[in-house]
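Lettering follows sequence order; numbering is per chain, from 1.
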Amino acid sequence: MIHSLFLINHTGDIFLEKHWKSVISRSVCDYFFEAKEKAGDPENVPPVLQTPHHYLITIYRGKLFLLSVIQTEVPPLFVIEFLHRVADTFQDYFGECSEGVIKDNVVTVYELLEEMLDNGFPLATESNVLKEMIKPPNILRSVVNTLTGSSNVGDTLPTGQLSNIPWRRAGVKYTNNEAYFDVIEEIDAILDKSGTTVFAEIQGVIEACVRLTGMPDLTLSFMNPRLLDDVSFHPCVRFKRWEAERVLSFIPPDGNFTLMTYHVSSQNLVAIPVYVKQSISFFESGSCGRLDITLGPKQTMGKMVEGLTVTIHMPKTVLSANLTATQGNYTYDLATKVLVWDIGKLNPQKLPNLKGSLSVQAGAPKPEENPSLNIGLKIQQLAISGLKVSRLDMYGEKYKPFKGVKYVTKAGKFQVRT
Amino acid sequence: MEVGFSVGAVRTVLASAENLQLTLKTELSQEEQALTNTNSNPKDAEKAGNEDLKEMLESNKESHKLEAMKRVVGLIAKGKNASELFPAVVKNVASKNIELKKLVYVYLVRYAEEQQDLALLSISTFQRALKDPNQFIRASALRVLSSIRVPIIVPIMMLAIKEAAADLSPYVRKTSAHAIQKLYSLDADQKEQLIEVIEKLLKDKSTLVAGSVVMAFEEVCPDRIDLIHKNYRKLCNLLVDVEEWGQVVIISMLTRYARTQFTSPWKEDAVFDENNEKAFYDSDSEEKKGQTESKPYIMDPDHRLLLRNTKPLLQSRNTAVVMSVAQLYWHLAPKHEVSIVTKSLVRLLRSHREVQYIVLQNIATMSIQRKGMFEPFMKSFYVRSTDATHIKTLKLEILTNLANEANISTILREFQTYVKSQDKAFAAATIQAIGRCATNISEVTDTCLNGLVLLLSNRDETVVAESVVVIKKLLQTQPTQHSEIIKHMAKLFDNITVPMARASILWLMGEYCERVPKIAPDVLRKMAKTFTTEEDIVKLQTVNLAAKLYLTNSKQTKLLTQYILNLGKYDQNYDIRDRTRFIRQLIVPNEKSGALNKYARRILLAPKPAPVLESAFKDRDRFQLGTLSHSLNIKATGYQELSDWPAVAPDQSVRNVEVIEPVKEWAPLVGKAKQPKSDDKFYSDEEEEKDEEESESSGSDDSSSSSSSSSSSSSEESGSESDEESSEESDKSFSSGRSSSESEKSSSESESAKKQKKSKKTPQKKAKPAAVDSDSDENGNGLVLQASSSSAKSSSASETDSEDSSDSDSHSAQKKKTDAKSKPKVEVKSKKEVSLLDLDDFSPPPTNAPKSSVLSPSLFSDLEGLSLSNISTTMPVTTPSFSPVKTYELLHHMSGKGLAAKYHFPRQPCLYQPNMVAVQVILTNCSDHSLEEIHIGDRSPASLNIHCFNTIERLEPEASVTVSMGIDFSDSTQAANFQLCTKTDQFSVSIQPAVGELLMPSSMTEEEFCKDQGKLLGMNETSATITMATANTSSLAINKQLLSVANVGVVSSSQNNIHRFAGRTVSSGALVLVSLELRESSTALLTINTEKSIMASMLLRDLKQALAMA
């Protein structure tokens, strides 16, 4: 399946290679560099490429390309999903997935890759299992290791690999038993110029952090499960019980994991928390433009809107921006032509406004289209769909755990066309 | 065996080398050479760097060795050559330190192939480790041993694999499955032996092994389908518990398997419900079945088992698993069941960019064949400006595929936004897409064409060029006269610089030169002047144009043509010289050119077939969905063709697991295996498991009593299957209005059961209650699916309608008239800001309306939001996009002899005429035979102006179709009566609109509202004080209630207690202004200002009712 893996940074240096079958020369990446050249933006590089003898499947994450070399037919999603899982694992182990950390931990990375694939076929991809085999680096351990000469590598087969619950390691012990769930909802929306909703939907995810001793069996139930239209689960969730009773019943992995993702049925009208009044105009002559943006609360359910940002990808001809913000501050990146206005909290009494002029390259034609605004926001203690967790029950263990649920609403791909 | 090494470095491994089971005698001298070579053939620079590493590796301290190995691995990771350290590294293979050992393994696997002889020294260590009591060590030894690609150890590997395949630990067995593939790639001659091992491992019951062994099967012997038979049911049942990567592999293998073993569920007459029903009423069904040639389709229970067991995996978090289930349903499920995968596929669009790319490609292919599947999710394919270009293009492709009569206006409006995109490649793709919509949907051809013409004055070259090219194609497909457009293009010609666009215009001129007799020669004159500076394609087309004009209008163009031909004769490009010579011989009469000359006209001015604008994904479905080949649209190495369904199903008993043998071999295991199994099946629900247990136990009873070859599990399977069918059937009979009783049900059950297994004599087990439960649940799903699939069908049907030529002809003729009228306006427009696809073409200027500028108001408001004018609305207009779902019955199926019709008002501007109200009618065939020629007959009053839908040639039983029609109610609520006809019958029906449906929302500001309200006082004002339900006092609720009654637009208001709404009547365009002033204690003053006082009072009544209701 997966023959080789090359890690490439955004400037095009191959800084790590790993082969699971015979060695493939790194010159195979030239085809990729060619495509990258052609695409311009790294986001635009086609994920699947064909070369005379190989197929290249690439993902782009955190300014890194993970390029895998394939020789025979394989579902491309299989490879893509796996590569993302690799990147996730790096993130899990080192806190981020970047060139720097990978270079710093090259041995751990190599050991991980060795365990994750055998002959190109995924072997162990569960974080819990991997962590038993290869311990994540931390300062204390590295000090101990250098002193005692002990290693990061476990010497027994992780229990997870053999048990029927591969995602949970055996013999977990905590003094404080706790289970926290974050219900995070994102609003994806496209609003048109007049503020009418062209398209809006809510995507939710429940992130869990469970530190419980032993083999707890948890049941999470909702006040209003009918809201959930489409769901996908961590493998630990028993699907049949969801089908029958609409409750989540599972033996959780140890630590952080994504319990489920869901989509709220599109029949419900999506509440749009903010409105935007905007006017961006470029003048036919005089090589300048005008920008005036005001944001205000719309349907916030009485909660405070925080972390408000507006990101605008300006046309290439806009040279600089001379603006004044009544609240927060703005930056205009000349290289990427991205205007970011960081507002912070939205005060309904005094609406934030950004106003001023844009200077356009002299002689350049007036841009055809006004740039659209991407809104970022966050509302604490609110799930905009109205989803509520009613209770969490634990079976199988005797102690009483701490339990907590947190709700957050964020803007996902929230775009205002102008 | 005495081994004499002289090199000190390797002396320590001497002991282990002694254990080598190979005869190394002949190799020894080479080995020595190799050793000395590596040492005496140094690359000096590298060696200097590696010298200290070597020292460290040979030191006694473990930590030094580890450090050195880490650095070596670092070198490997960077792709640097570390092969010369091989002897030093290989010594550490037997180290006690696990991490060191692992790193050595990494090194070995990387360099063993290059240093085969040295690698052999490590083999004995692995052989010893293969016997280790720790399963982890056994597995990792096998992993490394099999990864060393040294041909000489093939026999050792073979032995090790065979041993490991029988290991007690499933983890080791899994590793052996992986090793099979490695050995196969090393030495394909071992195939036969390896297949034996695969066969053995396929029988393994551990979920851990299943995925890996199927992977090995796919790699080594994908054609040995026969190995799967016996394991088919087991694999299906284990599937849910297999790890996610294994699931993908198993599902794709089972897809292939199923296509060879089951018959197609897609047959035309595959409405097996119905057949069952017939059988149920026919007493002599058995006999009849023997007589009828085409046997009713009954899905093989194993086929059903696969579909049922893969369905839960649609909820997997792994996108590859979801995709593989989706493709399984696409390739295997009955047509009406496929749509259950839609939601999950759309969910994947939330995932990473690369995932989106693949999923969109697959949806694009699916949406060509099955529009209905994705139409409800159309909005999920709307493009965001931040999407990557290839994502945008794919979404565009899908939107174009989904376009049909009903949604085209929405899609075109969306396209308008895209055309303005800064991403010019995308804008160009959008223009192509508009072109495709225009050819596919005849209603909008002219609209699109005019919109494209407007784009010709766009500032961007690529946009203009693309528009010209698309217009050219469109004009070619439209044999009607379009001289206006050609003239317009001729005018723009001077400003267009993109060669392809210029060439296209020239070609159009030449092709239709007789339609623009005055302009064409002038264009040729201009071209003659600039000929030498043009691009090659432009030159070629100039020569063509000259030739065509010479033939049609030689008086004016003779000299020009000769001049151009002379220029072309001496052109640098040989193509052009060639063409010129050819053309000259063809058109200019002289002695030599004999017969050909006479036919010049026929050759050059032959009618040319129109190009077909079709999707790039049109023929992608030749590849299995979700594969690499599909993604690249090219057959990838190792792609396994999906075979066609067999005409006759191969023997299904091959899947039966033999009873006699298993009883012997497995019977002891049953008890034992039960324990681990209940662990294994952690996730599958208990009920099912119990069932299985029961069935197995009862099955063995059965098998002991009866000597039939059928196994217990199969009978159980088919038993539950028949349950399902029967209950489905009973549902069915319910729905068709017949009463069903318990006894009937059971009789039908046995009936269908009998039909299923003619050969089986095993006593039919009565269904267990649990099984019935679960089945009925599934049935519920099944029914929903049917409904949704019927809508799918309907959309495709309406699609074909639109292609119906007879109607579209008359329609385009109608359009032509209005075209001529609107032409001057277009030109005026093009001078001001381009408002791209000028949507007022949807509604050609009304002839009877007082003000010709009054277009369909809602479109107007839509356009306002989209127009390029930079004055943005300062007020946030909050128009909740409310679309009523109220459906009214037009014809009940009892009175319609099986034909049922329902209608609703989609509240979209009517495509056909602006003064018509759009009505969508859903026609369903509830009878058991297909209905033909459904159309609209006489109407009353005779003057009633209806735009009928195209005649529906054929409506299959259970199918339904949605058609749209337009009715001019002339602003009255008088019912429109007409006849709905089929080939044989006529039914009088009537549509009575609520007054609110006769309006179109109009957008205006508060000032405009007040101003217009001021003009409509006195007699034109109707008002009343109303009491509202307390629930309705919030502004949101008021908007909702009001908009549910009347199709009006919300006018933003600066006062909190006053709500304003504006609309126009559809037919005459008279303003209707509604204002609602809230008073204390949930009373309010409702005022309606309009010229149409009757409508006002009716509307007032309706609104009053609605607002009073909670």
Side chain / backbone / both / neither for [X] at chain A, heavy atoms under 4.5 Å:
X: B:Phe623; value: neither
X: B:Leu103; value: side chain
X: B:Glu114; value: neither
X: B:Val359; value: side chain
X: B:Glu219; value: side chain
X: B:Val355; value: both
X: B:Tyr357; value: side chain
X: B:Arg143; value: side chain

Heavy-atom contact with chain B under 4.5 Å, split by part of [X]:
X: A:Ile57; result: side chain
X: A:Arg290; result: neither
X: A:Ser22; result: both
X: A:Ile80; result: side chain
X: A:Ala87; result: neither

Check this for me, if you would: do [X] and [Y] make a salt bridge, where the nitrogen-to-carboxylate-oxygen distance has to be below 4.0 angstrom?
X: B:Glu113; Y: A:Lys21; result: no
X: A:Asp230; Y: B:Arg347; result: yes
X: A:Asp118; Y: B:Lys182; result: yes
X: B:Arg317; Y: A:Glu126; result: yes
X: A:Asp188; Y: B:Arg350; result: yes

Can you check whether [Y]'s main-chain N or O pairs, donor with acceptor, with [X]'s side chain at less than 3.5 Å?
X: A:Asn44; Y: B:Ala388; answer: no
X: A:Glu81; Y: B:Asn318; answer: no
X: A:Glu73; Y: B:Thr627; answer: no

No-hydrogen, no-angle side-chain donor-acceptor test under 3.5 Å, [X] and [Y]:
X: B:His178; Y: A:Asn119; result: no
X: A:His84; Y: B:Glu354; result: yes
X: B:Thr637; Y: A:Tyr55; result: yes

| field | Interface residue of largest heavy-atom contact number with chain B, from A:Leu16, A:Thr261, A:Ile59, under 4.5 Å | value |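 Most heavy-atom pairs under 4.5 Å with chain B: A:Ile59.
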| Top of A:Val198, A:Val106, A:Asp41 for chain B proximity - count of heavy-atom pairs under 4.5 angstrom |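 Max contact count across the listed options: A:Val198.
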| So B:Trp245 and A:Phe78, ring pair (Phe, Tyr, Trp, His ring centres under 6.0 Å) or not? Walk me through it. | CA-CA 8 Å; B:Trp245 310 107; A:Phe78 184 98; 5.3 Å; yes
| request: Grab the two heavy atoms, one from A:Ser232 and one from B:Ser316, that are nearest each other, plus how far apart they are. | output: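 Here A:Ser232 and B:Ser316 meet closest at CB-O, 3.7 Å.
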